[in-house]
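See below for the structure under consideration.
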Amino acid sequence: MLKQTISELISKAITKAQKEGKLPAFDLPEIVIEHPQNPDHGDYSCSVPLKLTKIVKMKPMDIAKDIIGSIPASPEIEKVDVAPPGFINFTLKKVWLAKEVNDVLKNGANYGNINAGQGKRIQIEFVSVNPTGPLHVGHGRGAVIGSTLCNVMTAAGFDVTKEYYFNDSGSQMDSFRQSLWARYQQALGKDAAMPEHGYMGEYMVELAQEIKEKEGDRFLKMPPAEGVEKLGEIGLARVLETTREDLKTLRVEYDVWYSEKTLYEKGQFDIIMKLLREKGYVAEKDGAIWFSSTALGEDKDNVIVRSNGSPTYFAADIAYHYNKFIERKFDKVIDIWGADHMGHVSRMKAVVSALGIDPSRLEIIINQMVTMRRGGEIVRISRRTGDMITLRELLDEAGTDACRFILLSRAASSQMDFDIELAKKQSAENPVYYVQYAHARIASILKVAEEKGATDEGGDVSLLTTEPELTLIRKMLQLPELVETIAQTLEPHHLTYYAQDLATVFHAFYKDCRVVSDDKAMTSARLKLIKAAKLVLGRTLNLMGMDAPERM
RNA sequence: GUCCCUGUAGCUCAGCAGGAUAGAGCGGCUGCCUUCUAAGCAGUAGGUCGUGGGUUCGAGUCCCUCCAGGGACGCCA
């Protein structure tokens with residue numbers, strides 16, 4: 001990648017200048033290369049001379065001059081110059097830029113891939129909602145961020161496992177079973193009260209009705225405990241199936257669906273209890289067993305086994321992370337949780353280090369809440385009261401691509417508004433259509449070219465010299481850089497901005513440059529360019545999990 | 001009360017490990033279709049980056065105070 005080439009060029013130049021005695025000795029700082037906002041400042045810039053003033057005690061402009069004096073000529077770079085107060089600016093050769101079109105075409109659908117991950121194994125767990133009811137938008141947000149991040153990490157050269165963890169044991173599951181049991185009895189015309197903190201949503205009534213129609217009253221004929229258990233199993237399977245379907249519609253699919261229950265059945269829970277006990281992180285108090293997180297700097301200790309003997313959600317998650325790091329040996333684990341899990345972050349990191357695992361191998365992304373609006377009015381969403389807008393409803397109303405784009409377009413750490421009326425009403429003006437339109441437009445030009453017998457064969461890309469053409473190429477070349485940035489920062493929302501930028505420069509090119517014309521040589525060159533642009537646009541949409549339509 | 005996230009244009013939000021004149025979309029206003037898709041393009045208006053200090057060559061970005069919105073503080077998950 002060019003960014004890296006330039007960075008190396010500068011560090012070599014500094015070393016050379018040091019050897020020649022122009023610069024004093026010091027350890028090389030990290031050389032950050034960026035794109036100047038003002039195109040007059042060239043294609044790439046570096047502010048390292050400014051950073052060096054503290055260490056070197058020279059004027060930044062002088063440092064910059066010494067550095068560029070030691071930069072050799074290279075095939076990519078037209079000129080290197082110094083600009084006050086101490087920037088080094090690089091301008092690329094137009095011919096080199098134009099030739100890069102061939103590189104994009106050569107890489108095809110793989111363009112943008114890099115090898116930052118070097119095949120390291122990484123597990124990304126996201127959504128992981130209790131299987132007790134339908135998904136809502138907040139879950140959708142985690143799903144879109146997670147699946148997009150998976151796509152990008154794969155492109156960045158990591159070996160990614162996409163995983164959904166479902167809590168099929170524990171007290172919420174009990175509550176689900178009891179609620180379903182009550183609704184089932186009601187569906188059969190019996191008088192039954194809902195449990196106190198039960199799932200009050202209408203969907204439970206529908207689920208009970210559905211089961212009644214398929215299975216009849218057979219659960220009532222069993223001993224009550226068994227009936228609740230068997231009914232619960234069927235209900236759980238049904239909810240999981242719906243979850244899977246909804247996510248599939250959102251274009252989110254997993255490699256592994258991981259059951260909490262198995263952590264007890266297959267022994268991971270016992271192992272972590274033993275390990276924590278051996279390491280002295282376990283205390284007993286009030287009849288319960290606690291993880292001594294305060295010993296690791298936490299605010300408070302946390303219960304892992306209740307006084308009634310049942311393990312907590314925290315205990316299960318410890319066992320699950322033991323499985324991720326120790327048993328399955330992932331190099332890195334990323335958990336994507338909703339804002340309601342914020343309190344869970346620091347104790348999870350603490351317990352991971354208590355197990356002897358470097359906590360920097362665990363990354364946790366918290367996605368903030370989504371506020372739903374219908375027009376100006378805020379709609380509260382709560383699964384337990386059942387007052388909610390489901391993800392399914394949203395997908396049906398606004399479409400997968402529009403939903404994905406909106407949910408992806410904000411940093412995970414920002415709360416966001418999602419106005420359903422706007423999403424529906426504006427669907428024709430939604431940014432996603434702007435991007436897809438650029439793709440469809442290219443497809444349309446290619447079709448016209450084909451009809452007229454024009455071809456890109458033998459096209460000479462060095463004919464591409466005008467600003468709209470070169471601006472388009474420059475933007476295309478940023479995709480690999482973006483993949484690298486996202487792999488580092490774990491912030492996939494930048495893709496939506498890049499996609500819009502790329503579409504904008506294409507539309508500007510389209511306005512200024514006629515592709516299919518009487519000039520055969522130019523037609524061939526530009527056909528190459530737009531084929532490459534189509535690939536990059538398509539890849540960007542593909543990374544975001546969206547369609548790249550041939551016509552609109 | 002303690003901890004975490006957020007506060008940037010009328011609205012919704014970017015601003016990538018401090019760097020050159022603070023950006024986009026939507027909305028407002030003015031133009032552009034006999035030419036490959038006008039779901040488009042060009043132009044224009046709109047900001048004391050919540051407040052007050054500090055760090056330094058330089059702060060929307062880092063530190064502290066305060067204000068506002070949201071979230072978490074459970075033997076729920």
Side-chain angles (χ1 to χ4, degrees), chain A residues 30 32 34-38 40-41 45 47 50-51 53-54 59-60 83-87 89 128-130 132 167 170-173 175 197 260 285-290 299-300 302-308 310-314 316-317 338-346 366 368-369 371 384 406 409-419 422 426-431 433-438 440-449 451-452 454 481-482 484-486 488-489 491 493-494 496-497 500-501 503-504 507-508 510-517 523 526 530 551-552:
Chain A
E30 195 175 357
V32 179
E34 49 197 4
H35 293 282
Q37 326 163 19
N38 186 338
D40 294 344
H41 294 138
S45 74
S47 64
L50 290 159
K51 296 197 168 83
T53 47
K54 283 167 204 161
K59 288 181 187 164
F87 290 96
N89 293 331
S128 295
V129 177
N130 272 348
T132 55
N167 308 106
S171 61
Q172 292 303 320
M173 208 53 231
S175 178
H197 296 292
E260 177 189 359
K285 199 174 68 182
D286 306 330
I289 299 174
W290 299 66
D299 292 346
K300 55 187 185 58
N302 294 281
V303 171
I304 40 182
V305 181
R306 301 181 182 89
S307 49
N308 70 8
S310 66
T312 61
Y313 164 82
F314 183 41
D317 221 9
D340 55 339
H341 279 61
M342 214 137 45
H344 192 50
V345 174
S346 69
I366 295 293
Q368 291 296 325
M369 298 186 62
T371 305
R384 295 185 200 187
I406 293 171
S409 62
R410 308 296 179 225
S413 60
S414 287
Q415 289 156 226
M416 68 173 291
D417 277 16
F418 194 119
D419 189 329
L422 219 67
Q426 283 192 335
S427 63
E429 290 164 26
N430 193 295
Y433 297 106
Y434 176 80
V435 178
Q436 290 179 325
Y437 182 62
R441 235 181 181 180
I442 297 175
S444 170
I445 301 172
L446 292 175
K447 207 171 141 220
V448 169
E451 284 164 9
K452 293 189 177 174
E481 293 175 7
L482 183 63
E484 185 182 41
T485 302
I486 294 172
Q488 269 172 20
T489 62
E491 292 176 339
H493 68 278
H494 291 119
T496 60
Y497 292 88
Q500 289 179 86
D501 285 350
T504 297
H507 286 309
Y510 174 87
K511 175 76 177 166
D512 289 340
C513 303
R514 175 95 201 165
V515 177
V516 183
S517 70
T523 299
R526 285 185 173 159
I530 64 166
R551 74 173 57 147
M552 286 172 74

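So you know, we letter chains A, B, ... as the sequences are listed, proteins then strands, and number each from 1.
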Heavy atoms only, 4.0 Å cut-off, all strands: where does [X] land among base, sugar-phosphate and nothing?
X      : value
A/E481 : nothing
A/D286 : base
A/Q415 : base
A/A411 : sugar-phosphate
A/H344 : nothing
A/S444 : base
A/H494 : sugar-phosphate

[N] to [M] separation - [atom1] atoms, rounded to the nearest Å:
N      : M      : atom1 : value
B/rG40 : B/rC33 : C1'   : 10 Å
B/rC63 : B/rA72 : P     : 25 Å
B/rA14 : B/rC62 : P     : 15 Å
B/rG69 : B/rA24 : C1'   : 24 Å

Using both distances under 3.5 Å as the test, list the Watson-Crick or G-U wobble partner of [N], or none.
N      : answer
B/rC41 : B/rG31
B/rG1  : B/rC73
B/rA24 : B/rU12

Per the atom types in the model, does the base of [N] pair as donor or acceptor with the side chain of [X] at under 3.5 Å?
X      : N      : answer
A/Q436 : B/rA39 : no
A/T489 : B/rA17 : no
A/S307 : B/rC75 : yes
A/N89  : B/rA20 : yes

inquiry  = What is the separation between atom CG on A/N130 and atom P on B/rA77, rounded to the nearest whole Å?
reply    = 8 Å
query = B/rG71 P sits how many Å from A/H341 NE2, rounded?
reply = 16 Å
Checking contacts here: which listed nucleotide ([options]) is nearest the side-chain heavy atoms of [X]?
X      : options                : value
A/M369 : B/rC36, B/rG70, B/rC5  : B/rG70
A/S171 : B/rC76, B/rA20, B/rC36 : B/rC76
A/H493 : B/rA38, B/rU21, B/rA14 : B/rA14
A/T312 : B/rA20, B/rG15, B/rC75 : B/rC75
A/R306 : B/rC75, B/rA39, B/rA20 : B/rC75
A/S414 : B/rA14, B/rC36, B/rG19 : B/rA14
A/M342 : B/rC4, B/rC36, B/rA20  : B/rC4
A/Q488 : B/rA17, B/rC73, B/rA20 : B/rA17

ask   = Aromatic ring centroids of A/F314 and A/H344 under 6.0 Å?
value = yes
task = Decide, for B/rC62, between syn and anti: a glycosidic angle within 90° of 0 counts as syn, anything else as anti.
result = anti
key: Between A/Q172 and A/N130: side-chain donor-acceptor atoms closer than 3.5 Å   = no
